[in-house]
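Inspection log for the structure reproduced underneath, given as structure tokens.
Starting from 1, each residue takes its place in the sequence as its number. Everything numeric here is computed off the predicted structure, so don't read it as measured data. All heavy atoms count here, side chains included; hydrogens, waters and symmetry mates do not. In each ligand, atom 1 is the first atom listed, and ligand 1 is the first ligand listed.
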Amino acid sequence: MSLREKLLARLLAAADFVSGAELSGALGVSRCAVWKHIEALRDEGYEIAGSPRRGYRLLKVPDALYPPLFSPLVRGKFGRPYHFYPVVSSTNDVAKELARQGAPEGALVVAEEQTGGRGRLGRAWHSPPGGLWFSLVLRPPVSPAATQSLPVLLSLAVTDGVAAFPLPSVEVKWPNDIVYQGKKVGGILVELGAEAEAVHFVVAGIGLNVNITSFPAPLEKTATSLQKIAGEALSRPQLLSAILAAAERYYSCWCREGFAPFREDYERRLCLLGREVEICCGGSVARGTVAGVDAEGRLVLVSPDGTKRRFVGGEVTFKQKPRQTLRPDEDKAEA
Ligand code: BTN
């Protein structure tokens, strides 16, 4: 913990004013140094009352993911240890490096802003301040092939976290886009450190447009944020802790039982079900109606000639057609 974090932790723990003398004694620095850090915190958006006789009192905290604010909200092992950066190129890159150095499962990297955020299919990921940009280190005891359904699973945890707020429901767009009325709210980039037979680590990077009020022109049409949906800002520390709790619960079941127990729940939140789509995968394009996902989290597409095909990855786009819902048992026959 840095000196600033220790100071903040003291102020957070106190219900009233804390004197400058007490803070300087507890932190082992001069009262002048305490004052400088108080000023720096004020610059970051903390409202701190100051009184010459009584000291300092924390009145309001910003929507910040600073460790002393966030760490107390971590209940399980996802989120420990917690690495926070005001600015970083990509939390996935930092998390991969930490994983290579032996970081334990649950280690979390969070950034206020990413300058080189990465999305799926080699795309850039717009990551200004106000979003949730984070990466989790995982060490699942499964084969590399079995990790295919992990991003699909994590998208469920993200929608659960969002559901903890009074918001209209967000949906998932296979494999792991979080969408609202067709616009993208978030996405997941899972990267593997593995050999042919063994997974050394997985880095699950999650990006959510939370308190973002505007997007650059090319994204304005395709992206939205939770703040825009809700009409007000959301607490990112609370949202992050809700996502982590759901992710940890789902993940421990997934390690034992795979994706099958989550299949129906995922399909309920899938905005593609019964829709006519095109899927672009490895240079070829397939067209058909989405019947759902299978027990491995693969997308099941029914071609116009009635044949079923399964996809492990790809880019799905809607074709203009009315919603058509397939009977749930149609797919089970082949699953
Ligand atoms: C997608 O293309 O939908 C996936 C986007 C994933 C973005 C997140 S933000 C945190 C983590 N760091 C990155 O560079 N990417 C992921």
Side-chain angles (χ1 to χ4, degrees), residues 65 70 78-79 82-100 103 106-138 147-159 161-162 170-180 182-193 201-212 215-216 218-219 221-226 236-237 239-240 243-244 247 269-272 279-281 297 299 311-317:
L65 295 156
F70 181 68
F78 280 19
Y82 178 59
H83 302 269
F84 173 78
Y85 297 85
V87 184
V88 85
S89 170
S90 156
T91 55
N92 264 35
D93 293 345
V94 176
K96 279 195 286 186
E97 190 46 42
L98 289 170
R100 279 186 209 109
L108 177 67
V109 179
V110 175
E112 181 60 49
E113 181 180 357
Q114 294 185 120
T115 51
R118 294 185 286 108
R120 287 175 63 233
L121 310 170
R123 295 181 183 140
W125 183 260
H126 178 60
S127 323
L132 259 185
W133 324 124
F134 65 98
S135 303
L136 259 177
V137 174
L138 302 172
T147 61
Q148 273 165 11
S149 59
L150 192 50
V152 183
L153 177 93
L154 290 173
S155 66
L156 277 184
V158 175
T159 57
V162 175
V170 293
E171 294 180 299
V172 291
K173 176 169 173 259
W174 184 88
N176 44 48
D177 284 356
I178 312 298
V179 295
Y180 178 73
K183 287 190 167 184
K184 191 151 166 169
V185 180
I188 300 172
L189 176 67
V190 166
E191 297 184 293
L192 238 61
F201 63 82
V202 168
V203 163
I206 299 180
L208 255 187
N209 303 329
V210 186
N211 298 328
I212 294 177
F215 292 89
L219 291 178
K221 282 201 180 77
T222 56
T224 190
S225 71
L226 296 177
R236 288 177 304 158
L239 177 57
L240 179 54
I243 294 172
L244 291 178
R269 305 183 205 189
L270 184 64
C271 67
L272 303 173
I279 176 162
C280 183
C281 179
L299 190 75
F311 295 85
V312 290
E315 178 77 347
V316 177
T317 47

Return the set of residues passing salt bridge (Lys or Arg N to Asp or Glu O under 4.0 Å) with Glu112 (not counting sequence neighbours), or none when no residue passes.
-> Arg236

The protein heavy atom nearest to atom 2 (O) of ligand 1 is Arg120 N, 2.6 Å

Can you tell me if Gln114 has a non-hydrogen atom under 4.0 Å from ligand 1?
-> yes

List the closest protein heavy-atom neighbour of atom 15 (N) of ligand 1: residue, atom name, distance to the nearest 0.1 Å.
-> Arg118 O, 2.7 Å

Minimum-distance protein heavy atom relative to atom 3 (O) of ligand 1 = Lys184 NZ, 2.6 Å

Can you name the residues that form a ring-ring contact (aromatic ring centres under 6.0 Å, His included) with Phe70, not counting sequence neighbours?
-> Tyr82

Which residue holds the protein heavy atom closest to atom 5 (C) of ligand 1, what is that atom called, and what is the gap in Å?
-> Trp125 CE3, 3.4 Å

Within-shell test, Gly117 vs ligand 1, heavy atom, strictly < 4.0 Å = yes

To the nearest 0.5 Å, what is the distance between CD1 (Ile206) and CG (Leu244)?
-> 8.0 Å

Using a strict 4.0 Å cut-off to heavy atoms of Asp177, name the atoms of ligand 1 that fall inside it.
-> 3 (O)

Got a salt bridge between Arg120 and Glu191, using NZ or NE/NH1/NH2 to carboxylate O under 4.0 Å?
-> no

Is there a donor in the side chain of Gln114 and an acceptor in the side chain of Thr91, or the other way round, less than 3.5 Å apart?
-> yes

Atom 10 (C) of ligand 1 sits nearest the protein heavy atom Thr91 OG1, 3.2 Å

Taking the side chain from Ser135 and the backbone from Asn92, do they hold a donor-acceptor pair closer than 3.5 Å?
-> yes

Smallest heavy-atom separation, Pro151 atom then Asn176 atom, equals CB-ND2, 2.8 Å

For ligand 1, does Asp93 get within less than 4.0 Å through its side chain, its backbone, both, or neither, judged by non-hydrogen atoms?
-> neither

